[in-house]
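Following: one structure in structure tokens, then a few remarks.
When a residue number appears, it is its place in the shown sequence, counting from 1.
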Amino acid sequence: MALPHYRPATHTKQKGGTSVVTATLMITAPAVLATAILRPRSK
């Protein structure tokens, strides 16, 4: 019984789908901006 040959998951990106980098940037960018804006200023 031969096992099916699976392709690596890195090459199975759908057309029009958000990549991992884009999704990570969309999640982290507002968090970093909010932290920078809401951070108490110490002078």
Practice problem: Report the residues that fulfil side-chain hydrogen bond (donor to acceptor under 3.5 Å, both in side chains) with T22, sequence neighbours left out, ordered by chain and then residue number. | Solution: S19
Self-check item: For the student: nearest non-hydrogen atoms of A31 and T35, plus distance
Solution: O-OG1, 2.6 Å
Quiz item: Other hydrophobic cluster members with M26, side-chain heavy atoms of Ile/Leu/Val/Met/Phe/Trp/Tyr under 4.5 Å, chained?
Solution: none
Quiz item: Other than V21, what residues sit in its cluster of Ile, Leu, Val, Met, Phe, Trp and Tyr side chains whose heavy atoms are under 4.5 Å apart, directly or through others?
Solution: L25
